[in-house]
Colleague: 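After the structure tokens below, expect a handful of questions from me.
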Amino acid sequence: MDEDQPYIRWQAVQDQDITAEIVSDILSVVDDDLWVAAACVDRLVDNVNVQRSLLELGISRTSSAVRRAKEALLVPAPHPHSSQDRKELLSTYFTDAPEDAQLCQMRILLLHRFDRLSSFVQLCKDLPQKESGYAEVDDEWEDDPWAEDSEESPSSMRGAAPCNPPIHLSEFLVEDILKMACFFASQQHFDALRTLMNYHSHILWPARFVVLDSIPGHARPSIYRDLLPAYDVNQDAEKKPSSDNCRSEQDWVESSEVRAALGMSRVVSDMGLDLYPCQDVSPACLEPLGPQDLAAWYKRRVDDIISTTGMLDIALATVQHGGAQGVPGLDELGEELSLLARLVYDSRQPHELQETQDWTLARWQSMGPAQIVNAYLAHSTPETVANDISRLIIPYLFVLEARAERAGQPDPGLPTRLLYNYILGAPLQIVAAIFEASKPTLPAAQRTIRNDEDIARLALACLYGSDSRSEWSTMSRIFECLPAWDITPGIGGEADEADAMIVSLGAFVTPSTTRPHCSPADLFLFFQPLPLFSLSRSLDILDVHLESGEILSRWNVPAPLQWFLQSAHDATQQRAWANRMARRAGNSPNELKRRDDWEWLLEDMLKLCGSGESGFKSAFGLLSAEEISSIFFAGLLSSGSFDIAQDLLQQRHGKLSLPVTTIEDICLSVSREFYDNASAGNYKTGDMKLAYDCLAVSPLSARLIKERDFIEATSRLTSFNILSRPGIPLSPIEIRLTKDRLSLISRVLSSTTDAYKHTEVVLDLLYKLGFKDDVVAEAKTLAMLSDTALQAEDFTRAYETSERMIETVLKVWAEAPGGSEDATVREASEVCWVACFQLGRHLEFQDVKKKLLLLGRALELCPAEKLNDVLTSWRRLEKEDLESRCEHLANRAITHQKRATMPSQHVSSLQDRLRDLRMPTTPLINAEDAAALAGRAFNRVASNFPFAVGGRGRSGSSGEDVRSRSRDGVGRKFDGEVSAQASRVLQRGIGWLLGDDDI
């Protein structure tokens with residue numbers, strides 16, 4: 001029972017209760033080395049002294065097994081043992097002595113932990129000190145082999161209070177050392193990391209890049225520069241750092257021979273004692289890297305720093321430390337990072353806006369020189385751009401020039417070309433600031449651009465290539481910075497060459513399919529070969545164009561400078577722009593209200609049609625003063641300022657002087673513009689009122705009166721609510737564009753129920769529509785009125801309208817020089833006879849006398865081929881009338897039959913019939929007397945007919961034209977054949993009425 005007491009006591013003690021005394025009291029008295037060594041391996045505590053006691057005791061208890069194993073190798077042999085033989089001999093021994101094998105295995109583990117413990121002690125010294133201590137170290141720890149190189153001996157730590165380490169000792173002894181190194185690197189505990197890398201370099205050096213990659217990108221490399229890989233020029237490879245092992249020499253059991261023998265014996269497992277080899281380490285890292293691989297790692301490190309933190313200064317410092325370590329191939333990378341750092345830290349950056357894309361080395365390297373120049377000056381202001389060019393752009397351009405020379409491709413013009421390209425693409429405000437810093441009056445050393453001719457070329461290209469229409473003050477600032485050459489015009493050749501240059505320049509800036517827009521860079525190429533004289537002439541022209549541009553901008557019609565070149569020989573363009581100037585000035589938000597303002601506008605427009613001081617024509621140089629005045633007057637009228645227009649015209653010595661016909665033409669044109677733009681037809685309001693009032697500016701003439709009547713007609717037409725399409729009233733522009741304006745009269749009659757009753761109103765509308773002296777149009781209108789009344793069954797008005805139409809046609813027939821052969825007479829007659837024919841044969845029209853009158857007029861006016869149709873209707877109407885009369889007489893005869901005898905009845909009936917014909921009552925007559933009486937009656941009746949057949953020439957059987965008419969145009973004779981036929985018809989009727997059945 002006493003023998004088991006130490007074992008029981010040891011198992012009863014908790015890890016946190018173990019002390020050095022307990023270790024000595026309990027384990028020292030146990031004779032079983034294997035159990036004691038296993039007990040020391042099994043226990044892990046956080047106290048340094050206690051853990052050291054356990055490790056030392058365990059190592060001491062394994063010494064006997066090491067001694068026995070060594071003795072096994074001393075067995076005599078016929079020849080010396082080879083390495084393989086020694087491994088096999090040891091393996092055989094360990095197989096036969098498993099306890100010794102286990103003790104040797106445990107010794108390896110205990111020695112490794114002892115090394116870890118030594119590292120932990122040094123690590124605690126390297127960590128910042130705290131007030132509270134973690135563990136005390138006794139005097140015996142002074143024998144630590146690390147104490148020789150450390151600034152503090154273990155004894156100096158007695159009573160010291162190191163900070164709580166980031167990991168407990170119990171964990172530190174068994175944890176993966178690579179993970180701990182990466183953890184210290186990520187926490188920037190570089191002193192502790194150095195301790196691990198120094199004393200465990202045989203484990204951590206192959207994984208050095210894994211550890212270095214764990215260092216945060218924002219950590220300054222100056223803090224861990226000794227950990228960065230260095231280059232050994234003698235070895236032409238990576239420099240391998242020296243290491244300080246925990247022990248001066250390796251223990252026998254740690255040799256590869258013993259470890260291999262233990263593995264071959266398979267008595268005990270490896271127990272994870274492979275010194276924790278680093279995982280996922282590239283085989284290439286097991287050996288020192290070459291110079292190219294070292295440079296590649298530094299580039300990757302820089303990329304990681306920039307991509308994760310964006311701290312270019314840290315990346316640049318890293319490369320600089322790599323260069324200090326002798327790593328080749330980093331000079332260009334350091335140069336790129338230095339330039340990029342200047343862009344990020346030294347160039348102007350926006351205060352509020354953030355870059356949509358972070359600056360990285362890859363982005364920088366993907367950019368061309370021109371893009372980099374633009375990036376340097378992207379946020380420069382006119383106040384800072386000149387200084388930014390001198391401190392940022394000029395050094396960068398020198399670097400580019402030096403690189404080109406190093407590459408064997410020198411390009412002396414590269415700096416100038418890049419700077420000029422930036423200026424050609426910069427805003428005018430920036431360009432003006434650069435030119436102000438390049439004035440010829442400044443000292444050459446202070447000028448940004450020192451070549452006077454280049455300044456002129458750049459200014460001409462930037463100004464004529466700009467689309468700006470508002471920066472005239474800035475353009476003037478640029479012009480004031482240009483050199484002034486005192487050059488007299490050459491004789492013949494030079495002057496002609498300069499003029500030809502201006503013509504070719506206008507053609508050059510004109511858009512085409514291949515070049516829709518002429519950029520400043522294109523223009524700079526154009527001006528590049530020009531001699532000094534041509535440049536001077538170009539500047540003179542630029543002066544004139546700038547003055548013209550300021551005037552146009554003043555009146556809200558600005559034009560880019562290119563337009564002045566394009567329109568220099570194009571009167572159409574100049575005329576169009578002058579119209580815009582006159583119109584927009586009056587219709588702008590700041591509309592001109594005073595006469596003085598309009599006079600100022602006229603003065604400027606006249607100035608633009610002249611020439612400048614240098615003799616070059618201005619913006620409207622191809623237009624005459626009279627044409628400019630006409631354009632101005634049209635613009636004045638379009639603004640509605642009619643009173644100002646009249647005042648300007650009435651001034652005796654005013655600048656507005658135009659012929660009367662021109663004034664009339666302009667008034668008509670502007671009035672029609674108002675008319676066409678009017679949305680409503682009432683000439684009392686809106687644009688229609690302006691159109692009406694505009695005609696009063698000029699003295700009235702026939703054309704103006706006609707146009708005024710048309711406006712009044714339009715106003716009256718729109719009052720009838722005529723629709724263009726369902727729900728949309730007819731607009732004034734539709735009225736003007738109507739080709740057949742008589743259709744408008746028709747639409748009025750069809751849209752208004754009682755419009756036909758107002759004949760005079762409709763005819764007045766017709767006259768105002770432009771048909772005042774058009775008989776055909778009047779006849780058609782009266783025909784439409786008659787037809788509308790007919791459809792309304794208002795036969796009285798229909799007949800009255802027809803009578804007026806007949807009178808109109810007969811009057812024009814009588815007055816026409818060509819008579820019936822006149823085209824107007826024929827067309828009017830055609831309308832008239834058709835209208836009379838329609839009304840005369842209408843069944844609902846009961847007044848036979850009027851119908852016969854109308855058909856008679858139709859017979860008189862219709863063409864020969866239509867006579868049969870009209871006569872057919874006449875005969876039918878006559879027959880119906882006679883039948884009606886016979887029926888009426890028969891009814892009357894039956895009535896009187898009862899009153900008298902047959903003879904008396906016959907006489908009474910005859911008397912009644914004669915009374916109906918309004919003829920005097922005569923005694924009973926015989927047949928011959930009846931025939932004579934019928935002839936006399938026919939003559940008397942025919943003489944009362946309101947028409948005469950044969951009034952116009954008609955072709956008879958003989959083909960002769962027999963016609964005659966009286967001066968009044970009313971009485972006319974029938975054609976012989978028609979007259980005879982009509983006579984027979986009427987004689988038979990009269991004879992029948994008289995009682996002669998043989999007639």
Colleague: Can you list everything that forms a ring-ring contact (aromatic ring centres under 6.0 Å, His included) with His842? Sequence neighbours excluded, please.
Modeller: Phe795
Colleague: Taking Pro729's backbone N and O only, do any of them form a donor-acceptor pair with Ser724's side chain (distance below 3.5 Å, no angle check)?
Modeller: no
Colleague: Do Phe845 and Leu854 come within less than 4.5 Å of each other through their side chains, counting heavy atoms only?
Modeller: yes
Colleague: Quick one: pull up CH2 in Trp577 and CE in Met605 and give me the separation to the nearest 0.5 Å.
Modeller: 13.5 Å
Colleague: Mind running salt bridge (Lys or Arg N to Asp or Glu O under 4.0 Å) on Glu807 and Arg804 for me, showing each step along the way?
Modeller: CA-CA 5 Å; Glu807 293 175 0; Arg804 181 166 181 174; over 6 Å; no
Colleague: Which pair of heavy atoms, one from Val670 and one from Ser638, lies closest together, and at what distance?
Modeller: CG1-N, 3.8 Å
Colleague: Which heavy atom in Ile628 sits nearest to a heavy atom in Ala578, and how many Å separate them?
Modeller: CD1-CB, 4.2 Å
Colleague: I would like to know whether Asp794 and Lys757 meet salt bridge (Lys or Arg N to Asp or Glu O under 4.0 Å); could you show each step before the answer?
Modeller: CA-CA 10 Å; Asp794 190 348; Lys757 298 179 181 180; 5.6 Å; no
Colleague: Within the side chain of Ser669, is there an N or O that forms a donor-acceptor pair under 3.5 Å with the backbone of Asp665?
Modeller: no
Colleague: Closest heavy-atom contact between Phe674 and Leu690?
Modeller: CE2-CD1, 3.7 Å
Colleague: By the side chain to side chain donor-acceptor pair (under 3.5 Å) test, which pairs, at least two apart or in different chains, include something from residues 704-715?
Modeller: Arg672-Glu707, Tyr675-Thr714, Tyr692-Glu712, Glu707-Arg736, Glu712-Lys768
Colleague: State, yes or no, whether a side-chain contact exists between Leu717 and Leu769 at a heavy-atom distance under 4.5 Å.
Modeller: yes
Colleague: Charged N to carboxylate O under 4.0 angstrom, Glu880 versus Lys851?
Modeller: no
Colleague: Hey, does Thr738 have a side-chain heavy atom less than 4.5 Å from the side chain of Leu730?
Modeller: no
Colleague: What are the two closest non-hydrogen atoms of Leu790 and Ala798, and how far apart are they?
Modeller: N-CB, 4.1 Å
Colleague: Can you tell me how far the CD atom of Glu664 sits from the OG atom of Ser701, to the nearest 0.5 Å?
Modeller: 3.0 Å
Colleague: Using the rule given for side-chain contact (heavy atoms from CB on, under 4.5 Å), can you reason through Thr572 versus Arg575, listing the C-alpha separation, both sets of side-chain angles and the distance that settles it, and then say yes or no?
Modeller: CA-CA 5 Å; Thr572 301; Arg575 187 177 297 108; 4.3 Å; yes
Colleague: Can you check whether Tyr756 reaches Asp787 side chain to side chain, under 4.5 Å on heavy atoms?
Modeller: no
Colleague: Check the pair Ser679 / Asp687 against side-chain contact (heavy atoms from CB on, under 4.5 Å), numbers first and verdict last.
Modeller: CA-CA 8 Å; Ser679 57; Asp687 287 338; over 6 Å; no
Colleague: Quick one, Ile728 and Glu734 - any side-chain contact, counting heavy atoms below 4.5 Å?
Modeller: no
Colleague: Does Asn891 CG have over 12 foreign heavy atoms under 6.0 Å away?
Modeller: yes
Colleague: Drop me the distance from Asn579's CG to Met581's CE, to the nearest 0.5 angstrom.
Modeller: 11.5 Å
Colleague: When you look at NZ of Lys850, are more than 12 heavy atoms from neighbouring residues, nucleotides or ligands closer to it than 6.0 Å?
Modeller: yes
Colleague: Does Lys866 reach the side chain of Trp833, with side-chain heavy atoms less than 4.5 Å apart?
Modeller: yes
Colleague: Salt bridge or not for Arg797 and Glu800, using N-O below 4.0 Å?
Modeller: no
Colleague: Which pair of heavy atoms, one from Leu658 and one from Phe633, lies closest together, and at what distance?
Modeller: CD1-CB, 3.9 Å
Colleague: Nearest 0.5 Å, please: how far is CG in Leu810 from CE in Met805?
Modeller: 10.0 Å
Colleague: List in chain and number order the residues that pass side-chain contact (heavy atoms from CB on, under 4.5 Å) with Ala890, two or more places apart in sequence or in another chain; answer none if no residue qualifies.
Modeller: none
Colleague: Write down the atom of Ala645, the atom of Leu636, and the distance for their closest heavy-atom approach.
Modeller: CA-CD2, 3.5 Å
Colleague: Rounded to the nearest 0.5 Å, what's the gap from CZ on Phe642 to SG on Cys667? Could you check?
Modeller: 8.5 Å
Colleague: Any chance you could measure Asn677, atom CG, to Met688, atom CE, to the nearest 0.5 Å?
Modeller: 10.0 Å
Colleague: Do Pro863 and Glu830 make a side-chain contact, defined as non-hydrogen atoms from C-beta onward lying under 4.5 Å apart?
Modeller: yes
Colleague: Give a yes or no answer on whether the side chain of Ser671 reaches the backbone of Leu668 with a donor-acceptor pair at less than 3.5 Å.
Modeller: no
Colleague: What's the verdict on side-chain contact (heavy atoms from CB on, under 4.5 Å) for Glu778 and Leu766, showing C-alpha distance, side-chain angles and the deciding distance?
Modeller: CA-CA 7 Å; Glu778 185 173 350; Leu766 174 71; 4.2 Å; yes
Colleague: When you measure from the side chain of Thr872 to the backbone of Asn868, do you find a donor-acceptor pair of N or O atoms at a distance under 3.5 Å?
Modeller: yes
Colleague: Please determine whether side-chain contact (heavy atoms from CB on, under 4.5 Å) holds for the pair Asn721 and Ser751, giving the CA-CA distance in whole Å, both sets of side-chain angles, and the decisive distance to 0.1 Å.
Modeller: CA-CA 8 Å; Asn721 295 324; Ser751 63; over 6 Å; no
Colleague: Given side chains that start at C-beta, do those of Phe710 and Ile735 come closer than 4.5 Å, heavy atoms only?
Modeller: yes
Colleague: Does Arg595 make a cation-pi contact with Trp598, if we ask for NZ or CZ under 6.0 Å from the ring centre and within 45° of the axis?
Modeller: no
